[in-house]
Amino acid sequence: MLWIKSLHIVFVVSWFAGLFYLPRILVNLAQIPQPTPPESRAEQARLLLMAQKLYRFSHVLAVPAVLFGLALWLHYGIGRGPGNGWLHAKLLVVFLTIGYHLACGSLLRKFVAGRNVRSHVWLRWFNEVPVILLLAAVVLVVVKPF
């Protein structure tokens, strides 16, 4: 079980690294004036390529993070029984994190298509969401407040 826990933690941390950095790339993209001036086209193309690769790689990290978490819950029984309301709250945080991940993909697709309508300020606030999600997950797992 400790191997599964260790792998779960490593993949969650790696997945969140992508969730921390991808919106930051989107902030940089949103700061490029539209229509894109010729001197900024190479920068825009480079940032879009970086964002696309990071988003795909984050998918690769999210899948084992979720699967190892499911293994801990279903196979090893972590969080079962009375007094384990923390796990239900953590599962909500997991679903919100998956939703955030998918929202990042939606925003990225809009940038690729040239249809972004979000300001860099909005994206800066959006960039703070994974910090709150990670904090909630860690507190729920470590403190087990309910």
Side-chain angles (χ1 to χ4, degrees), residues 1-34 36 40 43-146:
M1 177 177 66
L2 293 179
W3 282 102
I4 301 298
K5 255 189 203 181
S6 298
L7 290 170
H8 176 62
I9 291 168
V10 167
F11 280 102
V12 168
V13 168
S14 301
W15 178 26
F16 267 90
L19 293 179
F20 289 147
Y21 192 58
L22 179 58
R24 185 64 210 154
I25 295 173
L26 299 180
V27 168
N28 292 334
L29 280 166
Q31 290 180 308
I32 296 174
Q34 296 300 320
T36 308
S40 297
E43 177 187 10
Q44 182 182 33
R46 183 176 41 81
L47 288 171
L48 282 172
L49 181 63
M50 285 172 53
Q52 289 171 315
K53 287 182 176 186
L54 182 58
Y55 185 67
R56 281 192 299 267
F57 190 60
S58 292
H59 271 314
V60 172
L61 298 166
V63 171
V66 170
L67 291 177
F68 285 128
L70 283 171
L72 289 168
W73 177 36
L74 299 173
H75 184 68
Y76 293 103
I78 290 181
R80 288 193 188 155
N84 287 306
W86 64 271
L87 182 65
H88 298 279
K90 184 189 177 236
L91 289 173
L92 174 62
V93 171
V94 171
F95 286 119
L96 291 173
T97 303
I98 292 169
Y100 181 84
H101 180 95
L102 296 174
C104 286
S106 175
L107 289 167
L108 177 56
R109 284 189 295 280
K110 288 177 183 170
F111 271 102
V112 169
R115 295 183 288 114
N116 173 53
V117 295
R118 302 293 185 183
S119 72
H120 70 92
V121 174
W122 187 91
L123 288 164
R124 286 177 197 277
W125 284 103
F126 180 75
N127 188 44
E128 300 305 320
V129 172
V131 174
I132 295 164
L133 292 170
L134 182 60
L135 177 64
V138 169
V139 168
L140 287 166
V141 170
V142 174
V143 178
K144 295 179 176 62
F146 44 88

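Distance check: Arg124 CZ to Arg118 CZ gives 16.0 Å after rounding to the nearest 0.5 Å. Atom CG in Leu72 sits 9.5 Å away from atom CG in Leu7 (nearest 0.5 Å). Note that NE2 of His88 is 9.5 Å distant from CH2 of Trp86, once rounded to the nearest 0.5 Å. Of the inter-residue distances, the one linking Leu91 atom CG with Phe95 atom CZ reads 6.0 Å to the nearest 0.5 angstrom. Atoms OG1 and CG, from Thr97 and Leu92 in turn, are 9.0 Å apart once rounded to the nearest 0.5 Å. To the nearest 0.5 angstrom, His120 atom NE2 is 12.5 Å from Ile32 atom CD1.
Using a 4.5 Å heavy-atom cutoff, the side chains of Met50 and Tyr21 are in contact. Taking 4.5 Å as the limit, every side-chain heavy atom of Leu26 sits out of range of all side-chain heavy atoms of Asn116. Here the side chains of Pro145 and Leu140 are in contact, with some heavy-atom distance below 4.5 Å. Annotation: side chain of Phe20 is in contact with side chain of Val131 (closest heavy-atom distance under 4.5 Å). Side-chain atoms of Ile98 and Val66, non-hydrogen and from C-beta on, do get closer than 4.5 Å to each other. In this structure, the side chains of His101 and Trp15 come closer than 4.5 Å at one or more pairs of heavy atoms. Two residues are said to be in side-chain contact when any heavy atoms from C-beta on lie closer than 4.5 Å; Gln31 and Asn28 meet this criterion. Side-chain atoms of Leu49 and Lys53, non-hydrogen and from C-beta on, do get closer than 4.5 Å to each other.
Remark: side-chain polar atoms of Ser40 are not paired, donor with acceptor, to backbone N or O of Glu43 under 3.5 angstrom.
Of all heavy-atom pairs spanning Gly18 and Ser58, the tightest one is CA-OG, 3.5 Å. Across Gln44 and Thr36, no two heavy atoms sit closer than the pair OE1-OG1, 3.0 Å. Smallest separation of non-hydrogen atoms from Leu123 and Ala30: CD1-CB, 3.6 Å. Nearest approach of Leu47 to Ile25, heavy atoms of both residues: O-CG2, 3.5 Å. Among all heavy-atom pairs drawn from Ala89 and Phe146, the shortest one is CB-CZ, 3.7 Å. Contact detail for Val93 and Ala136: the closest heavy-atom pair is CG2-CB, 4.0 Å.
Applying the 6.0 Å contact sphere to CZ of Phe126 captures more than 12 heavy atoms from other residues, nucleotides or ligands. The local environment of NZ in Lys144 is crowded, with over 12 non-hydrogen atoms from other residues, nucleotides or ligands closer than 6.0 Å.
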Quick one: do Val117 and Lys110 satisfy side chain to side chain contact (heavy atoms under 4.5 Å, CB included)? Show the steps, please. CA-CA 8 Å; Val117 295; Lys110 288 177 183 170; 5.8 Å; no
Please determine whether side chain to side chain donor-acceptor pair (under 3.5 Å) holds for the pair Trp125 and Asn127, giving the CA-CA distance in whole Å, both sets of side-chain angles, and the decisive distance to 0.1 Å. CA-CA 5 Å; Trp125 284 103; Asn127 188 44; over 6 Å; no
Verify side chain to side chain contact (heavy atoms under 4.5 Å, CB included) between Phe68 and Val10, making sure each step is shown before the conclusion. CA-CA 10 Å; Phe68 285 128; Val10 167; over 6 Å; no
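His59 and Tyr55 have perpendicular rings, their planes meeting at more than 60° on a 0 to 90° scale where under 30° would count as parallel.
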